[in-house]
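Structure first, then comments.
All chains are named by letter (A, B, ...) in the order of the sequence lines, taking the proteins before the strands, and each is independently numbered beginning at 1.
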Amino acid sequence: MFLEFKAQVESVLMDAIQNAGFEIEVSDLDLEPSSYADLASRAAFKLASLQKQNPKDLAAHLVSELKIPKGSYIGAVKAVGPYINFEVSRTYIEKTVAEVREKQEKFGSGAPKEKILLEHTSANPNGPLHVGHIRNSIIGDTLSRILRRAGYDVEVQYYVNDMGRQIAVVSWAFEHFKFNQSRKSDSAIAEIYIKANAELEAHPEHLAEIDALMEGVEQGDAATLENFNTAVALALEGIKETLLRMNVVHDKFVKESSFLMSGAVHAIVERIKATGRTEFDNGALVVELADYGFEKTLVIQRSNGTSLYTTRDLAYHEWKAGQANRVIDIFGADHKLISGQLRATLNSIGIQEPEVVIFEFVSLPEGSMSTRRGQFISADDLFDKVTTAAFEEVEKRRTDLSKATKLEIAEMVGMGAVRYDIVRVSPEKSTVFNWKEALDFEKQGAPYIQYSHARACSILEKAKEEKAWEGPESEIEASLLIEPSEIALIKKMAVFESVIEHCARELKPHTLAIYARELADAFNQFYRFVPVIAAEEAKVRAARLALVDCARIVIANTLETLGIGAPKSM
RNA sequence: GGGCGCGUGGCCUAGCCUGGAUAAGGCGGCAGCCUCCUAAGCUGUAAACCGGGGGUUCAAAUCCCUUCGCGCCCGCCA
């Protein structure tokens, strides 16, 4: 709805500018929402410098030239100083309500678009996911949900490192340490992986055994492969469980080894060699990328002839490029350089490069996290503590509910809090994990938004019980929705689609988190100031109930896009 | 040493790309609001010269230069 409004403002304003005898680009209209107007134009500033005239006079002049067609989404227009302020019309308000009621869970969705292949998480299967990994999962999953809502056909993949050095260490660890069957499989893997690393550090003479294992896999040795697979499967089983609890789902788990087996790794190395930008450096095959701005060469083959992660990743990206129109990767800040080199190398052989979203690190007060050193807070641990804290909150507030219901709510609230807490911060900000904040269900969090959803549901439920509501299909007079907080709420709902569109274009999921909070703010203020069930007139009550239903829908759609549960009661 | 990112009230963040109207929100502080649809809510209030310095511009948190601080990277690891 908002996008149509904006288009109308653009068209009307461009006409006025033309009628006034000026010329300007649409982008110079500088249309932005502000606290003064639904859309404000700063075109007068631009024209002022071109025409050498006072921007105030220009703004007033342009407003006098404006012609607003009947039934337009544009209501009042005012020149305030150099600004031209546009308000939406009643038509806009009432159509928004009608559109939400009609489209329901589809409200805010865009038209079908091309296929996108999005890769996220892809953590090494050498232990459980920790709080650093889940920033990747949550950014990636939220982005995939945003893109789907925007209309893209999104396939989500997890790239499984099933043959790197770390996995060789895990495999080696299996033969030297006892695997604890009673623990969650990924944690048990981490346990022996940490021991193995300590052992290898103390006795570096064993490192040759790791190299031997890696060569075995590279050459397709059945027994070694089998051992690697067992280790990877165990770790992955636990990781998948953790992802599922976060409401994160991957369509495919793609193994690195498959590209070696298929010959794709060998083929792409040959293709890179054919560009003439490779050379041997102490026996290793390296790619020269100075013309792409990289001082260091990129090693794509060890001197013993085996491939590296990067080599297999090149083959993986070649394959991905053939599967979709766009390829998006979510990587941690430690991948900045390597992903740049990867892109450059792909570009040099004419393969479509991925769009890379980089997020900065989550560290602990005592330093950065490391699975190898055993210094990390596992995601499972965080989830358990958060849902326990949420359960205590529910217990305090709702003595009327069964334990099962309270547990269900606590799970939604706790996991929602985790997801929201991570997604609300823009990815380029590095953060320090803090237990106190993680366990604090503050207003700027998922519980606040979930609570506004529960309140909306509760009003509708009560109205149904009291037979005061004819249900979502009832005829209403939207013209009765005139309270300031009603209008503010409707305007907030109307921009949902444009927020989705913006997040999808910029690949910035945190903007949606901020919108969710603002939407909840708008609903809570409406809730506070406008009686619904207690409304005097039946027609007004019906219109307000319909509005509550709309708010319920848009809040639920927003939460769904954030991958956060929308409890009907809490 | 080089590259990239970040630096906004006591604390955590939004805004920066695409410069413009009082720098926005939360936590914490202070003062209020439950005979009324769930107080995980609402209202009010104090608190920031947007790390420092310089520049561009009619206009800079936003762009440019410089400097300081923090994070990440600069492996035949991933």
Side-chain angles (χ1 to χ4, degrees), chain A residues 27 30 32 34-37 40 42 44-45 48-49 55 80-83 85 122-124 126 161 164-167 169 211 256 281-286 293-296 299-310 312-313 332-338 340 358-361 363 368 372 390 393-394 396-398 413 421 424-432 434 436-437 440-452 454-463 466 468 506 510-511 513-514 517-518 520-521 524-525 527-535 544-545 548 569-570:
Chain A
S27 59
D30 262 341
E32 287 295 336
S34 81
S35 49
Y36 303 92
R42 299 188 295 244
F45 281 116
S49 53
V80 179
Y83 298 91
N85 290 344
S122 302
N124 283 334
N126 57 4
N161 167 10
R165 184 161 218 102
Q166 282 88 335
I167 307 310
V169 172
D211 290 335
E256 257 187 67
D281 182 358
N282 284 322
L285 188 67
V286 301
F294 297 101
E295 274 181 48
K296 302 251 172 178
V299 182
I300 57 170
Q301 199 173 68
R302 295 191 183 94
S303 47
N304 66 7
T306 57
S307 62
L308 292 96
Y309 156 83
T310 318
R312 290 166 237 135
D313 210 19
D334 53 339
H335 279 63
K336 266 186 242 182
L337 176 61
I338 193 75
I358 298 283
F359 66 93
E360 293 290 328
F361 270 47
S363 57
S368 60
R372 185 172 49 80
E393 291 294 318
V394 184
K396 257 190 264 171
R397 294 158 214 270
R398 301 298 299 268
V413 169
D421 206 44
R424 62 173 249 264
V425 180
S426 90
E428 63 268 19
K429 215 110 171 176
S430 52
T431 62
V432 178
N434 176 327
K436 189 173 169 292
E437 272 172 33
D440 182 20
F441 303 119
E442 52 191 295
K443 170 171 172 176
Q444 195 156 284
Y448 174 76
I449 302 151
Q450 292 172 315
Y451 184 64
S452 62
R455 279 177 140 184
C457 290
S458 159
I459 291 177
L460 298 172
E461 197 53 41
K462 188 154 186 180
E466 294 180 6
E506 307 280 328
H510 76 282
T511 314
I514 290 154
R517 200 208 67 238
E518 290 171 354
D521 277 340
N524 281 326
Q525 271 162 48
Y527 184 95
R528 161 73 176 75
F529 290 111
V530 182
V532 178
I533 295 175
R544 287 181 184 167
L545 279 164
V548 170
S569 165
M570 65 187 273

Salt bridge [X]-[Y], side-chain N to carboxylate O under 4.0 Å:
| X | Y | result |
| --- | --- | --- |
| K436(A) | D440(A) | no |
| R398(A) | E393(A) | no |
| D521(A) | K443(A) | yes |

From [options], nucleotide with atom closest to [X] side chain:
| X | options | value |
| --- | --- | --- |
| A284(A) | C76(B), A40(B), G26(B) | C76(B) |
| E442(A) | A21(B), C27(B), G20(B) | C27(B) |
| S458(A) | U13(B), U38(B), A21(B) | U38(B) |
| E32(A) | C42(B), A39(B), U18(B) | U18(B) |
| Y448(A) | C42(B), G26(B), A78(B) | C42(B) |
| K443(A) | G20(B), A40(B), C42(B) | C42(B) |
| D440(A) | A78(B), C27(B), G5(B) | C27(B) |
| R424(A) | C12(B), C73(B), G41(B) | C12(B) |
| R517(A) | G25(B), A78(B), G2(B) | G25(B) |
| V532(A) | C4(B), C37(B), G75(B) | C37(B) |

Find which nucleotide of RNA chain B each of Y309(A) and L337(A) is nearest to by heavy atoms, and output the residue with the more 5' nucleotide.
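It is L337(A) whose nearest nucleotide is closer to the 5' end.
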
Report the residue (S35(A) or S307(A)) whose heavy-atom-nearest nucleotide on RNA chain B is the more 5′ of the two.
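By nearest-heavy-atom nucleotide position, the 5'-most residue is S35(A).
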
Select base, sugar-phosphate, or nothing to describe what [X] touches, counting heavy atoms under 4.0 Å on all strands.
| X | answer |
| --- | --- |
| N434(A) | nothing |
| V530(A) | base |
| I533(A) | base |
| E466(A) | nothing |
| A463(A) | nothing |
| S452(A) | nothing |
| V394(A) | base |
| V286(A) | nothing |
| K336(A) | base |
| N282(A) | base |
| N85(A) | base |
| V299(A) | sugar-phosphate |

Expressed as a whole number of Å, how far does the [atom1] atom of [N] sit from that of [M]?
| N | M | atom1 | result |
| --- | --- | --- | --- |
| C17(B) | A60(B) | P | 14 Å |
| A47(B) | G1(B) | C1' | 42 Å |
| G20(B) | G41(B) | P | 32 Å |
| G51(B) | A61(B) | P | 10 Å |
| U56(B) | C42(B) | C1' | 46 Å |
| C11(B) | C73(B) | C1' | 29 Å |
| G26(B) | G9(B) | C1' | 13 Å |
| A46(B) | C30(B) | P | 16 Å |

Does [N] have OP1 or OP2 sitting under 4.0 Å from an N or O in the side chain of [X]?
| X | N | answer |
| --- | --- | --- |
| Q525(A) | U43(B) | yes |
| R455(A) | A40(B) | no |
| H510(A) | G15(B) | yes |
| K429(A) | G7(B) | yes |
| R42(A) | G19(B) | no |

According to the Watson-Crick and G-U wobble definitions, with both distances under 3.5 Å, which nucleotide is paired to [N]?
| N | result |
| --- | --- |
| G44(B) | C30(B) |
| U38(B) | none |
| C72(B) | G3(B) |
| C77(B) | none |
| C17(B) | none |
| A59(B) | none |

Rounded off to whole Å, could you give me the [atom1]-to-[atom2] distance for the [X] and [N] pair?
| X | N | atom1 | atom2 | result |
| --- | --- | --- | --- | --- |
| Y36(A) | U22(B) | OH | C1' | 5 Å |
| R397(A) | C34(B) | CZ | P | 19 Å |
| I459(A) | G41(B) | CD1 | C1' | 12 Å |
| I358(A) | C17(B) | CD1 | P | 22 Å |

Kindly state whether the pair [X] / [N] counts as stacked, where counting means centroids closer than 5.5 Å and planes tilted less than 30° apart.
| X | N | value |
| --- | --- | --- |
| F361(A) | G71(B) | no |
| Y527(A) | G41(B) | no |
| Y451(A) | G41(B) | no |

Would you say the base of C72(B) and the side-chain of S430(A) have a donor-acceptor pair closer than 3.5 Å?
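It does not, because no donor-acceptor pair links the side chain of S430(A) to the base of C72(B) below 3.5 Å.
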
Is there a donor and acceptor pair, one atom on the side chain of N524(A) and one on the base of A40(B), closer than 3.5 Å?
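When only heavy-atom distances are counted, N524(A) does not reach the base of A40(B) through any donor-acceptor pair under 3.5 Å.
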
Side chains of Y448(A) and N524(A): closer than 4.5 Å at any heavy-atom pair?
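With C-beta onward as the side chain, the pair touches.
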
Is the number of heavy atoms from other residues, nucleotides or ligands under 6.0 Å of E295(A) CD greater than 12?
no

Per side-chain contact (heavy atoms from CB on, under 4.5 Å), V299(A) is matched among T310(A), L308(A), N282(A) by L308(A)

Report the distance from atom OG1 of T431(A) to atom CG of D421(A), rounding to the nearest 0.5 Å.
9.0 Å

Look at the side chain of N124(A) and the backbone N and O of N126(A), then say whether any donor-acceptor pair between them is shorter than 3.5 Å.
no

Would you say R312(A)'s side chain and S307(A)'s backbone share a donor-acceptor pair under 3.5 angstrom?
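Yes, R312(A) side chain to S307(A) backbone: donor-acceptor pair under 3.5 Å.
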
Checking one value: the base orientation of C34(B), syn if chi is within 90 degrees of 0, otherwise anti.
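The base of C34(B) is oriented syn (glycosidic angle within 90° of 0).
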
Looking at the rings of F45(A) and Y83(A), which for Trp means the six-membered one, are their centres under 6.0 Å apart?
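Yes.
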
